[in-house]
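Here the structure is laid out as structure tokens; the discussion comes afterwards.
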2 protein chains.
Amino acid sequence: MCRVPETGERPYHHGHLRAGLLQAAERRLREDGVDGLSLRDLARELGVSHAAPRRHFPDRRALLDALAETGFARLDTVLRAALADTADDFAVRLQAVATAYTRFATENAALLELMFRSKHRPGGERVARAAEGAFALVNELIVQGQAEGALQAGEPEQAGLILFATLQGIAALVNGDVVPPEMRDGLVETATEQFLRGARPLP
Amino acid sequence: MCRVPETGERPYHHGHLRAGLLQAAERRLREDGVDGLSLRDLARELGVSHAAPRRHFPDRRALLDALAETGFARLDTVLRAALADTADDFAVRLQAVATAYTRFATENAALLELMFRSKHRPGGERVARAAEGAFALVNELIVQGQAEGALQAGEPEQAGLILFATLQGIAALVNGDVVPPEMRDGLVETATEQFLRGARPLP
DNA sequence: CTACAAAGTAGACGGTGACAACAAAGTTGG
DNA sequence: CCAACTTTGTTGTCACCGTCTACTTTGTAG
């Protein structure tokens with residue numbers, strides 16, 4: 001079962017169509033943006049009829065939503081991996097997460113845009129749930145910072161939101177060619193430093 | 001000349017097609033997003049044949065670029081108006097510009113996205129030039145802040161970029177429904193405060 | 001007044017997402 | 001073992017869209 005299709009043979013059933021569609025779609029998304037992603041094109045690329053994708057994704061949106069969902073899962077993995085590699089010091093952990101996030105956001109620009117766009121449109125509950133994980137992680141980090149005394153206590157949401165907004169904005173500037181990609185990590189570094197200086201408890 | 005078309009009459013020449021297209025397109029952009037903007041639809045709405053828009057905009061992109069260009073002009077106007085109303089104190093001026101920008105960015109979400117997307121694609125030089133104004137304004141403000149001693153001297157770009165990124169990110173969070181719109185102005189306020197605290201000269 | 005340019009019209013082409021009817025290949029129960 | 005059923009893929013169709021070409025109408029300048 002689940003044998004990889006031998007090259008040259010064209011069995012009536014593709015066998016991995018859903019996975020193949022997602023994989024090809026993600027590549028297309030990266031290369032041509034969301035507008036350059038056509039169901040018929042994907043079908044052609046996978047050597048399948050133009051209506052075949054419909055069996056797995058009733059809708060173009062459904063495919064995009066699925067991409068967004070796996071995108072959030074991947075983001076969550078990336079962020080947790082970044083945290084796993086660091087010591088316990090809050091500043092270091094914050095730096096690691098911030099860098100990892102903006103890196104993901106710039107290396108998967110179209111995907112990230114899709115993720116946020118899909119999250120809050122009707123029927124995007126699955127996507128929204130997938131997004132919870134990443135947000136929760138950032139909030140935990142903020143709470144840890146407050147516990148360590150590195151951040152002002154109270155209203156953890158606002159502090160976390162502003163930091164998150166800054167990272168998101170840096171990614172937007174890079175993706176929008178306002179800023180060259182080489183400046184990304186440097187900007188993130190000074191941004192988190194300034195954030196720490198600006199949000200630390202008053203002396 | 002340039003008489004407003006009387007209701008009921010359908011002169012062969014529309015007379016205000018270009019302006020009408022831009023106006024209708026901007027409304028559609030606001031209501032349905034860029035994907036819901038169809039040239040044929042606009043033509044129908046203006047009671048004109050499907051190929052008529054082509055005389056004024058050779059391309060769908062040309063129409064979108066024109067929208068982006070006027071968008072930057074409007075943004076520039078909004079920002080300068082916000083500055084004109086304030087005293088000379090740097091913190092106050094910064095607050096005013098920041099609030100005005102994020103307000104524009106959230107009230108014209110699809111337009112802003114279009115503006116940044118159009119700016120750096122091939123042939124988007126006119127749009128890019130239109131964008132210069134707004135950027136220059138922010139940079140001037142930063143330089144003023146440094147002159148007043150409210151900001152660290154040197155590398156005005158990075159400080160300005162980070163602030164700009166934060167505002168852009170706050171707008172993105174509001175537009176992405178991560179944050180309710182009522183929180184917008186409050187977030188901007190604390191963000192600029194933290195920015196001032198984080199970027200002021202070391203004592 | 002006539003030639004020409006500008007602005008709008010009509011029709012066609014290829015591409016796309018959606019849908020319906022049908023066919024092939026697994027799967028399952030007797 | 002085979003017949004019903006479900007899953008998956010195919011073919012054909014429809015409406016819509018952006019773009020292009022050829023044509024018509026209108027305004028204008030020589």
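Order of the sequence lines sets the chain letters (A, B, ...), proteins ahead of strands, with each chain counted from 1.
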_Separation of atom CG in D35(B) from atom P in dC16(D), rounded to whole Å_ = 18 Å
*Determine whether more than 12 heavy atoms belonging to other residues, nucleotides or ligands lie under 6.0 Å from atom CZ of R28(A).*
yes
*Please round to the nearest 0.5 Å and tell me the distance separating atom CG of L67(A) and atom CG of L37(A).*
7.0 Å
_Member of T166(A), I170(A), L163(A) meeting the side-chain contact (heavy atoms from CB on, under 4.5 Å) criterion with T166(B)_ = T166(A)
*Just how far, in rounded Å, is C1' of dC17(D) from CG of L64(B)?*
14 Å
*L39(B) CG to dT19(D) C1', straight-line distance once rounded to whole Å*: 10 Å
*asked:* Are V34(A) and R117(A) packed together at the side-chain level, in the sense that at least one heavy-atom pair is separated by less than 4.5 angstrom?
replied: no
*asked:* Please tell me if R44(A) has a side-chain N or O lying less than 4.0 Å from either OP1 or OP2 of dT16(C).
replied: yes
*Quick one: OG1 on T99(B) to CD on E189(B), what's the gap to the nearest 0.5 Å?*
7.5 Å
*Interatomic distance where CG belongs to L42(B) and P belongs to dC16(D) [whole Å]*: 16 Å
*To the nearest 0.5 Å, what is the distance between CZ (R184(B)) and CG (N175(B))?*
9.5 Å
*Could you please name the option among dG8(C), dG18(D), dT8(D) that lies closest to any side-chain atom of H56(A)?*
dT8(D)
_5' precedence on DNA chain D between P53(A) and R55(B) (nearest-nucleotide basis)_ = P53(A)
*Can you tell if the side chain of V138(A) reaches within under 4.5 Å of the side chain of Y101(A), non-hydrogen atoms only?*
no
*Specify the separation, in whole Å, of atom CZ of F57(B) and atom C1' of dA6(C).*
16 Å
*Could you check whether R61(A) gets within reach of a base, just the sugar-phosphate, or nothing at all, counting any heavy atom under 4.0 Å?*
nothing
Name the pairs: protein N/O against N/O of nucleotides 10-12 of chain C, kept only if under 3.5 Å.
{"residue": "dG11(C)", "atom": "O6", "partner": "H50(B)", "partner atom": "NE2", "Å": "2.8"}

_Note, L173(B) side chain near M183(B) side chain (heavy atom, < 4.5 Å)_ = no
*d(CG, D59(A); C1', dA18(C)) in whole Å*: 8 Å
*Of all the nucleotides listed (dT16(C), dC20(D), dC19(C)), which has the minimum atom distance to the side chain of R54(B)?*
dC20(D)
*S38(B) side-chain N/O to dC16(D) phosphate OP1/OP2 under 4.0 Å*: no
*DNA chain C: R60(A) or A52(B), which has the more 5' nearest nucleotide?*
A52(B)
*Hey, does L37(B) reach any base, or is it just sugar-phosphate, or nothing, if we go heavy atoms under 4.0 Å?*
sugar-phosphate
*asked:* Angle between the end axes of the helix from dC1(C)-dG30(D) to dG30(C)-dC1(D), five pairs per end, to the nearest 10 degrees?
replied: 0°
_Rounded distance (nearest 0.5 Å) linking atom CG of L137(A) with atom CG of L75(A)_ = 8.5 Å
*Are side-chain N/O atoms of E140(B) and Q144(B) paired as donor and acceptor at under 3.5 Å?*
no
*Can you tell me how far C1' of dC17(D) sits from CG of L63(B), to the nearest Å?*
14 Å
